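Below: one structure, written as C-alpha cells.
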Amino acid sequence: MNSRTITLHDCEFSPYLYEEEIIARISFMAETISREYAGKNPLFLAVLNGSFMFAADLLKRVTIPCEIAFIRLSSYQDMESTGKVKEVLGLTEDIHSRHVIVLEDIVDTGHTVHNLINQLQAKSPASVQVASLLLKPDCLQHKLDVKYVAKTIPNDFVVGYGLDYNGLGRNLRDIYKIVS
Ligand code: IMP
Ligand code: MG
C-alpha cells in the first residue's frame, strides 16, 4: 500500500491533488476575479465549514477592494449528498445591490448551491456568482452556472483542504481521494 495512504474512520484515502497545484489554481482564480470585479467591491460569502481554507487562500490573492462574510448551512452527513433544503444561517450582512460571490468547497449534485442561490436572490443582490474549489460535473442534477472552478474532478469522494469525511480530514494540506 502507498505509504502516503491515510485512514479516516473506516476508510482509506490516497493523495490526489497536492497543495502546490491547489494554490496555483486558486491564484489563477483570484487573478480572474480581481480583473472581472474591479470597481465592484464584491462580497464573498464563504460557506462553512468546508470552504475555510479555500476562502483564506483565495482572499489573500484577490487584489481589489472586497469584503468577506461567513455563512453556514445545515450539515452534510456521510458520503452522499441529501436532497434536503438547507437553511442559510448567520447571514447578517445586507446583500441588497451587492455583487455576491459564494465560496464553496465542492459542488456535487448542486442541490446545496442551487438552493443557496435561490435564497440569496430573494434578497435582491446586484449579482450572484459561485466560485467552487472543486466541481464534480458528472453528479450535477441542476442547471447551474458555477462561474469559477479551480478543478473539475470525477465522481470520487475526496477529503482534505477543508473537506471532511464525517468531521475528519479538514486539516490536511493536500486533497485525498477514497481508495475503492
Ligand atoms: P451538493 O449539494 O450535492 O452539491 O453537495 C455539496 C456539499 O456536499 C459540499 O459542500 C460538501 O460539503 C459535500 N460534499 C460533496 N462531495 C463531497 C466529497 O467528495 N467530499 C467531502 N464533502 C463532499
Ligand atoms: Mg460544503
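Counting convention: from 1, in listed order, for ligands and their atoms alike. These numbers come from a predicted model, not from an experiment.
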For this session: Applying side-chain hydrogen bond (donor to acceptor under 3.5 Å, both in side chains), run through Tyr37 and Gln129 and close with a yes or a no.
Result: CA-CA 11 Å; Tyr37 282 83; Gln129 295 293 350; 5.0 Å; no
For this session: Evaluate the side-chain contact (heavy atoms from CB on, under 4.5 Å) criterion for residues Leu73 and Leu116: first the C-alpha distance (whole Å), next the side-chain angles of each, then the deciding distance (0.1 Å), finally the verdict.
Result: CA-CA 9 Å; Leu73 303 171; Leu116 174 57; 4.3 Å; yes
Exercise. How far apart are the C-alpha atoms of Arg35 and Glu31, what are their side-chain angles, what is the distance that settles it, and do they pass the salt bridge (charged side-chain N to carboxylate O under 4.0 Å, His left out) test?
Worked result: CA-CA 6 Å; Arg35 204 169 48 241; Glu31 280 171 30; 5.2 Å; no
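Taking a 4.0 Å cut-off on heavy atoms, Val158 registers as neighbouring ligand 1. Ligand 1 has at least one atom lying under 4.0 Å from a heavy atom of Asp164. Put simply, part of Lys136 is less than 4.0 Å from ligand 1, judged by heavy atoms. The closest approach between Gly50 and ligand 1 stays at or above 4.0 Å for every heavy atom of the residue.
Which parts of ligand 1 touch Phe157 is read off a 4.0 Å heavy-atom cut-off, strictly below it: atoms 17 (C), 18 (C), 19 (O), 20 (N), 21 (C). The atoms of ligand 1 that sit less than 4.0 Å from any heavy atom of Glu104 are 10 (O). Within ligand 1, the atoms closer than 4.0 Å to a non-hydrogen atom of Thr112 are 1 (P), 2 (O), 5 (O), 6 (C), numbered from 1 in the order shown.
With hydrogens and angles disregarded, a donor-acceptor distance shorter than 3.5 Å links the side chain of Ser34 to the backbone of Thr63. With hydrogens and angles disregarded, a donor-acceptor distance shorter than 3.5 Å links the side chain of Arg98 to the backbone of Asn41. In this structure, Asp164 contributes its side chain and Gly169 its backbone to no donor-acceptor pair below 3.5 Å. A distance-only check finds a donor-acceptor pair linking the side chain of Gln119 to the backbone of Lys86 [under 3.5 Å]. The backbone N or O of Asp156 lies less than 3.5 Å from a partner atom in the side chain of Lys136, making a donor-acceptor pair.
Considering each of Asn49, Asp108, Leu116, the one bringing a non-hydrogen atom nearest atom 15 (C) of ligand 1 is Asp108. Distances from atom 9 (C) of ligand 1 to the heavy atoms of Val107, Ile106, Leu73, Val47 put Ile106 nearest. In this comparison of Val146, Asn155, Thr109, Leu133, the heavy atom closest to atom 1 (P) of ligand 1 sits on Thr109.
Remark: ligand 1 and Leu163 share no N or O pair separated by less than 3.5 Å (distance only, no angle test).
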